[in-house]
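To keep things clear, I will list the structure first and then write my remarks on it.
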Amino acid sequence: MRRLLALLALALLRPALATDPYAFFDWDVSYVTAAPLGVKQQASISAGQPQHFFSFSLYRCPERNVISINGKFPGPVVNVTTNWNVVVNVLNDLDEPLLITWNGIQHRKNCWQDGVLGTNCPIPSGWNWTYEFQVKDQIGSFFYFPSTGLQRAAGGFGGVVVNNRDVIAVPFGRPDGDIAVLIGDWYNKNHTVCATVLLLQRLSSFDAETGKDLGMPDGVLINGKGPYRYNDSLVPAGIEYETFNVHPGRTYRIRVHNVGTSTSLNFRIQGHNMVLVETEGSYTTQQNYSNLDVHVGQSYSFLVTMDQNASSDYYVVASARHVANESLWRRVTGVAVLRYSNSKAPASGPLPDPPQDQNDRTFSMNQARSVRWNLSAGAARPNPQGSFRYSSINVTQAYLLRSTAPVWIGGRRRATLNGLSFAPPETPLRLADAYGVKGVYTLDFPERPPPEGAAAAPRMARSVIDGTYRGFMELIFQNNETRMQSYHMDGYAFFVVGMDYGEWTEDSRGTYNKGDGVARSTVQVYPGAWAAVLVSLDNVGVWNVRSENLDSWYLGQELYVRVVNPEDTGNKTEMAVPDNALYCGQLHKYQKEQTPHHKMGISAAPPRSSSLLAAAALLLAGSFMVAL
């Protein structure tokens, strides 16, 4: 209650935003014991399990459990309306540093709230920190998650709904209900650093199977729960599964988010048509789907009418896509139940089939291309989305970003873009700028990848793109790996204008969608293919561009775009450093210490200095220092 009163007082002290409502949230982020697949997350590292990167016999890690918010996994849905001010007071009840990032929320003029290591110092164990941001001119379906290390693989995620203001028309009738569906792959092994350090170290005692990708997950969760027992041989007894209770004849808005680690998932509801209406803040043309591939980090919302006869419950399925052997991956299928209020029997029989496109690699890409911008609908504002004609704007900067299979750099396994693997700095980039700290990063990210066979070896770097304020940037993601990737940009929605197989060339621009490419924040890039996006750089700040595949991101496949308004000397286009900013690295002398105050009884000694906190964050990020 004391913290809530303090947050209310904070709101009263901010008259500039007084015309817009405030939504207050008080979160205790802690570990809870949960076994969604019937096995508690394991922290020990044991031999004889080569299918996972953490299955070695050299070390033991302290035990960890699932990350919860206020004791719940997944966390609560943040349900707000356009232009509301969101205040989230976070107590880090973990025994490791924490940051929360808000996937798709643009934080206009306010990258200080973005919650990634390039802009924020992590919240130390036992400390409070309060996020405060406005969902300015946004609507739609998003999610939040912990961004430090591999924490997302242990939970801590939840949905974000930004509703339209009542004065803005919505391009469909009001649904009878709103349902959040968080799908994602899940590993029974723990997320913490010991196993990951093993992943990164090249040791002579390793066999040929070490230092590889995460491998097949142990399952797929739907809203933090394991699969319904649709098959006795594939699903053991006693697993708790998710049930969606609905009423016949009603229409529900179902918001689907892939919050997993690295697996693309096909989502479908047995016997029901799904009408796609929105993705990541943009209304789409309304098209019917029997299933849709949802890639890591992506969000979609569908209208689903309960128009079946309810002779039994229906399956809700999330199954792996774009993997080497989809039939082998059947055992990691997520299955929930859709139950009509007048249902007569439990769900039974085989699951609805996934797309039968094993010999047609164009099916999924054509499905992705079919997601188009609704040009006539308004979104957060009354003017139609299509009034922004992106094809008429000249591109001022263009970057071709090539990803390749992980490489060894300095004895550690790393992932790269254009041959560079990003190392999170001890001092966050934006804080370094604000306080004039030199040498933290360089503004020299290469516009093109090195030529094939070039002598320059991959390297660690903190190389940043120098974005031109109010410029128009083209980003081309070239995936030269053998697995699916998806890429996200904080602070913006970009226009997805093209994708195809093969190498991108200048001639590829002739294939771009110049009219109704959807605006979103996360785009999939197929193996051996490219995807092109356009983004208007109208949001000042330092913004993260990353692989949403958690393992690739963790290994350094990210960069930052720095957007500065050189004419702004009075915080008109960017907010000032917040009063409660955390300081670390070279700025740790500005940090006021807090006495750790765990609620959940975690025993963690306070760090001796903020520089040690930053060092811990770097370790969690799998990084090491780089001389610039």
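As a basis for the values below, the full set of heavy atoms in this structure was taken, side chains included, without hydrogen atoms, waters or symmetry mates. These numbers come from a predicted model, not from an experiment.
- Annotation: the span from Asn92 atom CG to Ser125 atom OG amounts to 5.5 Å, rounded to 0.5 Å.
- The side-chain heavy atoms of Ile67 and Val29, taken from C-beta on, include a pair separated by under 4.5 Å.
- In this view, Phe477 and Tyr487 satisfy the ring-ring contact (aromatic ring centres under 6.0 Å, His included) rule, not counting sequence neighbours.
- At distances below 3.5 Å, at least one donor-acceptor pair connects side-chain atoms of Asn539 with backbone N or O atoms of Gln106.
- Considering only heavy atoms from C-beta on, Val464 stays 4.5 Å or farther from Arg462 through its side chain.
- At distances below 3.5 Å, at least one donor-acceptor pair connects side-chain atoms of Thr101 with backbone N or O atoms of Asp114.
- A cation-pi arrangement, defined by a distance under 6.0 Å to the six-membered ring centre and an angle within 45 degrees of its axis, is absent between Arg413 and Trp408.
- Applying the salt bridge (Lys or Arg N to Asp or Glu O under 4.0 Å) criterion to Asp444, with sequence neighbours excluded, gives no partner residue.
- Under a 4.0 Å N-O distance rule, the pair Asp490/Arg546 qualifies as a salt bridge.
- For Thr82 (side chain) and Gln138 (main-chain N/O), a donor-acceptor pair under 3.5 Å exists by modelled atom type.
- For the pair His597 and Leu91, the minimum side-chain heavy-atom distance is below 4.5 Å.
- Across all their heavy atoms, Gly297 and Glu280 have their closest contact at O-OE2, 4.1 Å.
- Checked by atom type and distance alone, the side chain of Trp112 pairs as donor or acceptor with a backbone atom of Met575 at under 3.5 Å.
- Between the Thr522 side chain and the His488 main chain, no donor and acceptor come within less than 3.5 Å of each other.
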* Stepwise side-chain contact (heavy atoms from CB on, under 4.5 Å) test for Phe133 and Asn85 -> CA-CA 6 Å; Phe133 55 89; Asn85 301 289; over 6 Å; no

* Stepwise side-chain contact (heavy atoms from CB on, under 4.5 Å) check, Val437 with Leu587 -> CA-CA 9 Å; Val437 179; Leu587 299 172; 3.7 Å; yes

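- In this structure, Arg152 forms a cation-pi arrangement with Phe145, its terminal cationic atom sitting closer than 6.0 Å to the ring centre and no more than 45° off the ring axis.
- The two residues Val294 and Asn258 come nearest to each other via the heavy atoms O-ND2, 2.9 Å.
- Formation of a donor-acceptor pair under 3.5 Å by the Asn65 side chain with backbone atoms of Tyr31 is not found in this model.
- Distance alone, capped at 3.5 Å, places no donor-acceptor pair between the Gln134 side chain and the Val86 backbone.
- Ring-centre distance between Tyr441 and Tyr560: not below the 6.0 Å cut-off.
- Side chain of Ser299 to main chain of Phe142: no donor-acceptor pair is present (N/O by atom type, distance under 3.5 Å, no hydrogens or angles).
- When ring centroids are compared, Tyr131 and Phe25 stay outside the 6.0 Å threshold.
- A distance of 10.0 Å separates CG of Leu550 from CD of Gln151, quoted to the nearest 0.5 Å.
- Ion pair Asp568/Lys109 not flagged as a salt bridge, since none of the NZ, NE, NH1 or NH2 atoms sits closer than 4.0 Å to an Asp/Glu carboxylate oxygen.
- Contact annotation: the side chain of Pro217 never approaches that of Thr261 to less than 4.5 Å [non-hydrogen atoms, C-beta and beyond].
- Residues Gln557 and Thr416 form no side-chain contact, since every pair of their non-hydrogen atoms from C-beta on lies 4.5 Å or further apart.
- Side-chain polar atoms of Ser262 and Asn549 form no donor-acceptor pair below 3.5 angstrom.
- In terms of heavy atoms, Ser547 sits closest to Gln485 at OG-OE1, 2.7 Å.
- Rounding to the nearest 0.5 angstrom, the gap separating the SG atom in Cys111 from the CH2 atom in Trp543 is 5.0 Å.
- No more than 12 heavy atoms of other residues, nucleotides or ligands shown are found within 6.0 angstrom of CZ on Arg459.
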* Take Val66 and Trp186 through the side-chain contact (heavy atoms from CB on, under 4.5 Å) test and state the conclusion after the steps. => CA-CA 11 Å; Val66 172; Trp186 185 258; 3.9 Å; yes

* **Stepwise side-chain contact (heavy atoms from CB on, under 4.5 Å) check, Arg520 with Met489** => CA-CA 9 Å; Arg520 64 185 311 166; Met489 185 174 189; over 6 Å; no

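- A distance below 6.0 Å separates the ring centres of Tyr583 and Tyr435.
- Taking the side chain as every heavy atom from C-beta outward, Leu221 and Leu37 approach each other to under 4.5 Å.
- Taking OG1 of Thr81 as the start and CG of Asn163 as the end, the distance is 4.5 Å to the nearest 0.5 Å.
- Applying the salt bridge (charged side-chain N to carboxylate O under 4.0 Å, His left out) test to residues at least two apart or on different chains, the pairs with a partner in residues 553-564 are Asp433-Arg562, Asp466-Arg562.
- For Asp538 and Arg108, the salt-bridge test passes: some basic side-chain N is under 4.0 Å from an acidic carboxylate O.
- Side-chain atoms of Leu401 and Leu559, non-hydrogen and from C-beta on, do get closer than 4.5 Å to each other.
- Residues Gln524 and Ser264 have side chains that never bring a donor and an acceptor to within less than 3.5 angstrom of each other.
- Taken to the nearest 0.5 Å, the CG atom of Leu117 stands 9.0 Å off from the CG atom of Asn544.
- Side-chain contact between Ile100 and Val88 is absent, with no heavy atoms from C-beta onward closer than 4.5 Å.
- Distance CZ/Arg414 to OG/Ser421: 3.5 Å, rounded to 0.5 Å.
- For Tyr399 and Asn418, the side-chain atoms include no donor-acceptor pair closer than 3.5 Å.
- Formation of a donor-acceptor pair under 3.5 Å by the Asn565 side chain with backbone atoms of Thr573 is not found in this model.
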* Asked: Passes ring-ring contact (aromatic ring centres under 6.0 Å, His included), Tyr144 versus Trp27? Steps please.
  -> CA-CA 13 Å; Tyr144 60 85; Trp27 287 358; 4.7 Å; yes

